[in-house]
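The structure appears below as structure tokens.
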Amino acid sequence: MAEEVISQDFNSEDNEVVRQRKEKLLRLRSEEGYDPYVNETWDRKDTLASIRERFDTLQPEQEDGTELKTAGRIMTIRKQGKATFADMADETSRIQLYFQINTVGEKDYDFLKKWVDTGDWLGIVGHACRTRRGELTIMVTEYKLLSKAIRPLPEKWHGLTDTEIRYRKRYMDLIANPEVRDVFRKRSRIISSFRETLESHGTLEVETPILSVLAGGANARPFKTFHNALGVDMYMRIAVELYLKRLVVGMMGRVYEIGRNFRNEGIDTMHNPEFTMMEVYWPYANYVDMMNLAEELIRNAAKSIGTLEIEWNGIKLDLSKPFRKITMREAVKEFAGVDFDTVTSDEQARAIARDKGLGSEMTGHESKFAVLNLLFEAFGEENLIEPTFLLGHPTEISPLSKRDPENPDYTHRFELFMFGKEVANAFSELNDPIDQRERFEDQARKKAEGDDEAHVFDEDFINAIEAGLPPTGGMGIGMDRIVMFLTGARSIRDVILFPAMKPKA
RNA sequence: GAAUCGCUAGCUCAGUCGGUAGAGCACCGGACUUUUAAUCCGGGUGUCGCGGGUUCAAGUCCCGCGCGAUUCACCA
């Protein structure tokens, strides 16, 4: 089956150019005795960016005798008789090459004319010069064909814009659109910055199971699979929370994990079925410490890619300002015009929600706390544009969060919103094993009532809490969204190298 | 899940009222020692997303399906 698909694919995409290039390759081998795929190394001493920097001040029509040794992919080539210009790119930059017949020699020049195409990889020896027109150029003295491309590059000035091909054949996107490479370099720097900040606070990076028998730690539908040897159903993780708290119980101290979570839900511009989450847990800390850490992490990440001024979806934000704080009840008062402090019964709350047009969103059994959350999601969430900590979540919707001792129906929890989207979720971790068991029982009831995203009952986790979890502050941050907001990417697919795609029929 | 838009050469796109599938780049052959969207001469490379239907005739009209994008719904 798989082989069949591959061979079909291979043949169906053999267009005229590919056929010509394949024949050319065979002729290169037979006529020149040269196989472009046998080279294994090239001692590159200079990147194109370093060459650009070094010879920045070189004047037009000047040359520098220093020998340079570099390499890259030929992006365009202009062959004109006894001289040839080409643009070569590497991962750092792009530069013009100049081949002259009396500089590289007749034999190598003819080889170039006859065999070298756009897309090919060349090793280059030469020196810097600047043309009359001011273009920094490498005067090539020697070159070596390191590898050949037999599939043509996307068109040279429109590039590749077809979103479907860009996502399915990301390698073509990366070749044709260097700014895409920048986004993923920034992604890497942001994640490194997170690690540096966490480690500067003495936090240990750990790895916990992706495959397990129970997928807990969040309210979401998991991916299900089957382990043949064990003969059991297994699930892909939806969060790492419960494992990291077990590690705090196990006296590992401050721990964090940056890794992939999997949620079997819809795909849109904010959601990919696999996404990267950072979760961190600090013993002897609470949700206030996590607020400070969230600001520090995000600010440092922004600095690591060069600026605290960010723009997303046409909205500019200044991350140097302290993040705002608002409670869920305040947000509902401000944006839905409902004063929840006057609400005393569940029925009264539901009546208000129906009044606000949310009747179709309710089953009629909601508590006033569920209604509060509903009102926030319907009217408040989209208005939290400036980085804002949302506080005061009801206990009912926070099964892993410590209660506010002043008002046990609410918790010591926050969610951080930016541009109207959630980017972080944190709380003072519930460490009362009796309460935790009751919360899980409540979730199990909700599951039994048909809520297939209710939290799973994890007996071993309770066992761990029973062994004693210190007071702990914990937080999860959605890395893909952070990368989106810091790079201005409008779709999560633009910050994930190989986003989930449905196979073509 | 719904709506809207898109799918034509390797890439970017045009294709009128239903009447023999086009352009630029890329590619192939030729000329050319400072070009840079090189230029000049010659060459069009195609399952018009897939399948039906209407018609003398369908890239074009109708129906169904696929994939993608966006918005909404769902969902942390």
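Lettering follows sequence order; numbering is per chain, from 1.
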Who passes side chain to side chain contact (heavy atoms under 4.5 Å, CB included) against A/Lys82, sequence neighbours left out? A/Ile101
Give a yes or no on whether the ring-centroid distance for [X] and [Y] is below 6.0 angstrom.
X	Y	value
A/Phe111	A/Tyr34	yes
A/Phe417	A/Phe376	yes
A/Phe414	A/Phe389	yes
A/Tyr410	A/Phe369	yes

Got a list of side-chain donor-acceptor pairs under 3.5 Å for residues 47-55 of chain A, not counting sequence neighbours?
from	atom 1	to	atom 2	distance (Å)
A/Thr47	OG1	A/Ser50	N	3.1
A/Thr47	OG1	A/Ser50	OG	3.3
A/Ser50	OG	A/Thr47	N	3.1
A/Ser50	OG	A/Thr47	O	2.8
A/Arg52	NE	A/Ser93	OG	3.3
A/Arg52	NE	A/Arg94	O	2.9
A/Arg52	NH2	A/Arg94	O	2.7
A/Arg54	NH1	A/Asp46	OD1	3.0

Please identify each residue that fulfils ring-ring contact (aromatic ring centres under 6.0 Å, His included) with [X], with sequence neighbours left out.
X	value
A/Phe427	none
A/Phe457	A/Phe440
A/Phe419	A/Trp312, A/Phe485

Polar-atom pairs under 3.5 Å, protein N or O versus N or O of nucleotides 41-50 of chain B: list them with distances, or write none.
none

Using the [atom1] atoms only, state how far [M] lies from [N], rounded to an integer number of Å.
N	M	atom1	result
B/C75	B/G1	P	15 Å
B/U8	B/C48	P	11 Å
B/C17	B/G66	P	31 Å
B/C41	B/G53	P	47 Å
B/U60	B/A14	C1'	14 Å
B/G64	B/A73	C1'	25 Å
B/C50	B/C7	C1'	11 Å
B/G52	B/G46	P	22 Å

Which part of the nucleic acid, if any, lies within contact of [X], taking any heavy atom under 4.0 Å across all strands shown: a base, the sugar-phosphate backbone alone, or nothing?
X	answer
A/Lys113	nothing
A/Tyr98	base
A/Arg27	nothing
A/Thr118	sugar-phosphate
A/Met501	sugar-phosphate
A/Glu61	nothing
A/Gly159	sugar-phosphate
A/Leu153	nothing
A/Leu160	sugar-phosphate
A/Asp162	sugar-phosphate

If the cut-off is 4.0 Å, is [X] near the phosphate of [N], judged by side-chain N/O to OP1 or OP2?
X	N	value
A/Lys24	B/C28	yes
A/Lys502	B/C67	yes
A/Arg493	B/U70	yes

Between A/Thr161 and A/Arg78, the residue closer to the 5' end of RNA chain B by nearest nucleotide is A/Thr161
Residues 120-146 of chain A vs ring-ring contact (aromatic ring centres under 6.0 Å, His included), sequence neighbours excluded, gives A/Phe99-A/Tyr143
State plainly whether the residues A/Lys245 and A/Glu429 are in salt-bridge range, i.e. N to O under 4.0 Å. yes
Any ion pair linking A/Asp117 and A/Arg21 (charged N to carboxylate O, less than 4.0 Å)? yes
Closest to the A/Pro152 side chain: B/A38, B/G10, B/G6? B/G10
So which nucleotide does [N] pair with, by the Watson-Crick or G-U wobble rule with both distances under 3.5 Å?
N	answer
B/C72	B/G1
B/U33	none
B/U54	none
B/G59	none
B/G66	B/C7
B/U20	none
B/C48	none

Atom [atom1] of [X] to atom [atom2] of [N]: distance rounded to whole Å?
X	N	atom1	atom2	answer
A/His455	B/A76	NE2	P	12 Å
A/Lys156	B/G24	NZ	P	13 Å
A/Lys114	B/A31	NZ	P	13 Å
A/Ile175	B/A26	CD1	P	17 Å
A/His158	B/G24	NE2	P	13 Å
A/Asp117	B/C25	CG	P	18 Å

Pairs meeting criterion salt bridge (Lys or Arg N to Asp or Glu O under 4.0 Å) with involvement of residues 472-486 of chain A, two or more places apart: A/Arg187-A/Asp480
Please list all pairs passing the salt bridge (Lys or Arg N to Asp or Glu O under 4.0 Å) test where one or both residues lie in residues 118-138 of chain A, with sequence neighbours left out. A/Asp120-A/Lys148
Can you tell me how far the CG atom of A/Leu416 sits from the CG atom of A/Leu384, to the nearest 0.5 Å? 9.5 Å
Near RNA chain B, which residues from [range] have a heavy atom under 4.0 Å away?
range	answer
residues 261-271 of chain A	A/Arg263, A/Glu265, A/Asp268, A/Thr269, A/His271
residues 126-147 of chain A	A/Thr131, A/Arg132, A/Arg133, A/Glu135
residues 82-97 of chain A	A/Lys82, A/Ala83, A/Phe85, A/Gln96

